[in-house]
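Structure first, then comments.
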Amino acid sequence: MNLLEELKWRGLYQDSTPGIENCWSVPGVGAYAGFDPTAPSLHVGNLVVVMLLTHCRRYGLRPIAIVGGATGMVGDPSGKSQERKLLDLDTLRANQAGVHAQLEKLVAYDPDGPELLVLNNYDWFAQFTFLDFLRDVGKHFSINYMMAKDSVQNRLESGISFTEFSYQLLQGYDFYHLYQHYGCRLQVGGSDQWGNITTGIELVRKLTGGEVHGLTAPLLTRADGSKFGKSEGENVWLDPERTSPYKFYQFWLNAADEDISRLLKIFSLKGREEIESALERHAAEPHLRIAQKMLAVELTERLHGKPALETALAATDALFGDAPFSTLERLSPKEFGQIFEGVPSATLNRSWFEAQKNVVDLLAESGAAPSKSEARRLVQGGGLKINKIKISSPDHVPVFDELLAGRYLFIQSGKKKHHIVVFEP
RNA sequence: GGGGAGUUGCCGGAGCGGUCAAACGGGGCGGACUGUAAAUCCGUUGGCUUACGCCUACAGUGGUUCGAACCCACUACUCCCCA
């Protein structure tokens, strides 16, 4: 199996330039993809392109990532309605470092193989004057050619600034630069990048006569039509400080059955036979969610490491499984905090217990319920659990001894809504 | 400029003097089922010291009335028709 065949069966192949096989016939050749430097972390939406680079590396190409300081400033015209903010250099460097570390774990997960290179195109664009750019790059493209791109066409009605119109030339020049200095002959990206990629190929051919290639992956969508990569409207980040390993694990575990076949092929590095057998078992017994668990375990471990995976598994079992809630007492305060990161919390003083208030008061005062009426309704409907123990009477009076680790009360309203109350001494 | 219709809870939409915290549908939230899913079914859906009690709410203000979402007046906004 070669790279192309691998990407095809995995569903990572949308389109490529004719004769693409030529570009990896030379040993040590580079393959590049660009990433937006707007945040110090990638999110799962970036993961498709990360996987493209990963597979390139597995087949011996040198992976190059551009975390584009220069292109990020100009803004890819696809989608965005807001004016881009210019990022200052310090932020840029910090973002780049964060992204670099993540790519190291994912693309270069295997120590054997070509070294991963992460570059900032600000380094070569900063010195490039406008006049030089017009003469050296702009001269090679007709307006007609540039206008034909989908990214431009889609904006003709609503309007597109000269800045964003020029974006494709910047990205095209990146490809040329990498070709000249790093032996890069392939650019990969999402299907929306096709236009920008072909501009680069064109520029390389015109400036050097060299042959370079492009390959795109299809846009990843969810069966229910919602955008991939969000969990309850929030981005799922790769940075454990932003999205805890537990949340990350949960994201994959909750993938829909209709999506999991595609997701597993795209994001798992396991071999074809292993993946197909897992999917068969999953189809036979979908309620066991074999495929989701397999993918969640694999990705969490690759990105965050084994200890983090184990914490995520323990937390999952304690929160959703049969394990008693007390197993969480073993967790360090930091791990505890991570699992409940994003879980709404409230802080009360321990003297709260002196007043002998009931659960309805607790829910209302901690913000777990918006009003006492609603709290009462919840309890009467049988939807309240405290530290995983069902509370069926609104008159129940919580006592100090119920606190987990002497500090916490874990409130479940319904099955999925969690709330943590911290009692300060 | 003239004429008409309307403005109700998260949304749509009934109500046209008391029994209206307001039908019905959607959505939300709980429960059962289940897989931390989908579908389905059940419950619930203004607040309060849970009370056949009180408070706040049917665009705003004022009025008629024992009593107003409902009648009247004015104000604001929306839509339609004619110039």
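Each chain gets a letter, A, B and so on, in the order the sequences are listed, and its residues count up from 1.
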Legend entry - A/Glu374 vs A/His282, nearer the 5' end of RNA chain B by closest nucleotide: A/His282

Inset, instruction - With RNA chain B as reference, determine whether A/Gly381 or A/Lys415 sits nearer its 5' end, using the nearest nucleotide of each. - result: A/Gly381

Parallel, tilted or perpendicular: ring planes of [X] versus [Y], cut at 30 and 60 degrees:
X: A/Phe248; Y: A/His304; result: perpendicular
X: A/Phe228; Y: A/Trp252; result: tilted
X: A/Phe353; Y: A/Phe423; result: tilted

Legend entry - Any A/Arg289 side-chain N or O less than 4.0 Å from OP1/OP2 of B/U34: no

Legend entry - Under-4.0 Å side-chain N/O to phosphate OP1/OP2 contact, A/Ser373 with B/C48: yes

Inset, instruction - Please determine, for B/U40, whether a Watson-Crick or G-U wobble partner exists with both distances under 3.5 Å, and give it or none. - result: B/A32

Inset, instruction - Sort out the partner of B/G1 for me: Watson-Crick or G-U wobble, both distances under 3.5 Å, none otherwise. - result: B/C82

Legend entry - Heavy-atom closest contact (A/Leu279 atom, A/Ala291 atom, distance): CD2-CB, 4.1 Å

Give me the distance, rounded to whole Å, that separates [N] from [M] when you measure between the [atom1] atoms they each carry.
N: B/A57; M: B/G4; atom1: C1'; result: 30 Å
N: B/C20; M: B/G30; atom1: P; result: 30 Å
N: B/G60; M: B/C77; atom1: C1'; result: 11 Å

